Amino acid sequence: MDTLVITGAQLLGADSADIVVENGIIAEIGSGLSRAGARVIDAQGLIALPGLVDLHTHLREPGYEASETILTGTRAAASGGFTAVFAMPNTSPVADSAGVVEQELALGEAAGYATVQPIGAVTVGQKGERLAELGAMATSRAKVRVFSDDGFCVFDPLIMRRALEYVKSFGGVIAQHAQDPRLTEGAQMNEGVVSAELGLAGWPAVAEESIIARDVLLAEHVGSRLHVCHLSTAGSVDIIRWAKKRGIDVTAEVTPHHLLLTDELVRGYDAKYKVNPPLRREEDVLAVREGLADGTIDIVATDHAPHPSENKACEWQAAANGMVGLESALRVVHQSMVQTGLIGWADVARVMSQAPARIGLLDGHGTPLEAGQPAQITLYDASREGTFTAADLHGRSRNSPYLGRDLPGRVEWTIHHGVVTVESGAVVEELHSCDAPSGRREGK
């Protein structure tokens, strides 16, 4: 493993400093630092962030390798500045057992581009009928601590209560896809003025908000941890704000696309804008931005959802939901939150690295840029401007809503446990070392 000397980086966008990395650890931070024989990275003008952590990634393997694999997905993650991703369980077979999550873990370790932490399904087959092997997944080598049926809501309140009670014993968290299935039958886009004009079945905000309201009360009753996936409406922000003031142990995420894009884009019937939950109104976009800025919403998570071209290059109603987002996430947050003056770079580190790692109980990630900490480092050029193109995508799928859109910035370097995975903006084809520690917790 190379010794690295990173010179002149702006730590969290503030003071410039040199960073020495030895044996996968930040050995020293200061000025005028050097090491004999070290690889020198000129980071003048680059912002140093702790390696990004995505709590909501669809890697598709096993079962849907035409869309993505763990190798291609983690390459995409590295290119976006991520050093760890949490893999959602909607694979085939579903990640509802110890065997499947351990397989995902091993594939991530073999790839080496980012730590892959599996998320286990809440219910068997994500069918919402009976609890999956939560305990077996928790005690497996993958040490799963986050459970979700994402893509499907855990709609039965008794099942949801039992899941919340079960994970308390090992400090786990239930991550809910908040969508009342009865209120969204046949839904094609956000319910509102645009859906009425286009004649498309609407996905009402209350279908999200009613589930969140129920679940925060269940979490309070049980005394357990709840995480709300891809929050998207102004009403949902209000409910989370109320729950936190009440002392309920709830966290929430927002996606980059819900921070930037609105349902007006659906007017062209371009399926790259079809996603679940759907793109919402401008008022909702402004509300979730405010919620992220004031800490009501804890993190940004990509909901990276790759699909083969044939699942998107079709009529709107037949198209699959989902967008790829790993490569563009930091740039979208830069545009929607930093350039608008709502947050600074220290806040970016909090919502895209520190808080996701804390919620997911992932050791070795989201740590401060300090001596003695694991070398998870993202070096970002905030001064660049450019158009997002297919050349910026490094996974197997191309269903990005940002193609052809001007986005600021570029990830120049990503360092995962001291191993360079992105160099001068390009994903490294062959990693120098793949024996970095996984970053998973060894205790609870």
Side-chain angles (χ1 to χ4, degrees), residues 4-22 24-35 38-54 78 80-84 254 256 259 289-295 297-300 328-358 364-386 407-418 420-425:
L4 307 175
V5 177
I6 302 167
T7 61
Q10 297 174 10
L11 303 183
L12 304 184
D15 297 335
S16 294
D18 301 337
I19 305 170
V20 176
V21 174
E22 295 177 329
I25 301 294
I26 297 175
E28 187 177 3
I29 295 180
S31 59
L33 302 181
S34 63
R35 290 291 191 277
R39 181 181 185 185
V40 177
I41 296 173
D42 182 1
Q44 296 291 328
L46 303 183
I47 295 170
L49 299 169
L52 307 185
V53 177
D54 187 17
F82 290 90
T83 57
V254 64
L259 288 169
R289 287 183 184 181
E290 180 184 352
L292 184 64
D294 69 19
I297 299 172
D298 299 85
I299 66 170
V300 175
S328 52
L330 182 54
R331 297 172 69 177
V332 173
V333 171
H334 180 185
Q335 184 175 82
S336 62
M337 298 298 296
V338 179
Q339 288 188 335
T340 56
L342 290 169
I343 65 174
W345 291 108
D347 299 307
V348 172
R350 172 175 52 82
V351 302
M352 297 191 75
S353 179
Q354 295 155 2
R358 173 181 54 80
H365 291 272
T367 52
L369 295 176
E370 296 175 354
Q373 297 290 349
Q376 316 284 3
I377 303 170
T378 298
L379 299 176
Y380 183 70
D381 186 352
S383 67
R384 291 181 69 105
E385 297 287 341
L407 292 177
R410 187 175 81 164
V411 172
E412 292 293 331
W413 297 79
T414 305
I415 299 166
H416 173 230
H417 277 302
V420 173
T421 58
V422 173
E423 176 180 350
S424 300

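Numbers here simply count residues along the sequence, with the first being 1. We use all heavy atoms of the structure for the numbers below, so side chains are in, but hydrogens, waters and symmetry mates are not. The shown structure was predicted, so the numbers you read here are calculated from the model rather than taken from an experiment.
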Trainee: With sequence neighbours excluded, tell me which residues meet side chain to side chain contact (heavy atoms under 4.5 Å, CB included) with A43.
Mentor: I6, A9, L46, L379
Trainee: Taking A78's backbone N and O only, do any of them form a donor-acceptor pair with T414's side chain (distance below 3.5 Å, no angle check)?
Mentor: yes
Trainee: Please check this pair: side chain of S353 against backbone of G51, looking for a donor-acceptor N/O pair closer than 3.5 Å.
Mentor: yes
Trainee: If you round to the nearest 0.5 Å, how far is CD of Q354 from CG of L49?
Mentor: 9.5 Å
Trainee: Can you list every salt bridge (charged side-chain N to carboxylate O under 4.0 Å, His left out) pair that touches residues 10-21, not counting sequence neighbours?
Mentor: none
Trainee: Show me the side-chain donor-acceptor pairs of residues 336-346 shorter than 3.5 Å, one per line, residues at least two apart or across chains.
Mentor:
from: S336; atom 1: OG; to: V332; atom 2: O; distance (Å): 2.8
from: T340; atom 1: OG1; to: S336; atom 2: O; distance (Å): 2.7
from: T340; atom 1: OG1; to: M337; atom 2: O; distance (Å): 3.1

Trainee: Taking side-chain hydrogen bond (donor to acceptor under 3.5 Å, both in side chains) as the test, write out the residues that go with D381, two or more places apart.
Mentor: S383
Trainee: Got a donor-acceptor contact below 3.5 angstrom from the R331 side chain to the L407 backbone?
Mentor: yes
Trainee: In chain order, what residues pass the side-chain hydrogen bond (donor to acceptor under 3.5 Å, both in side chains) check against E423, with sequence neighbours excluded?
Mentor: R39
Trainee: Residues in side-chain hydrogen bond (donor to acceptor under 3.5 Å, both in side chains) with E22, at least two apart?
Mentor: R35
Trainee: State the OG-CZ distance between S424 and R410, to the nearest 0.5 angstrom.
Mentor: 7.5 Å
Trainee: Q376 side chain to G364 main-chain N or O, any donor-acceptor pair under 3.5 Å?
Mentor: yes
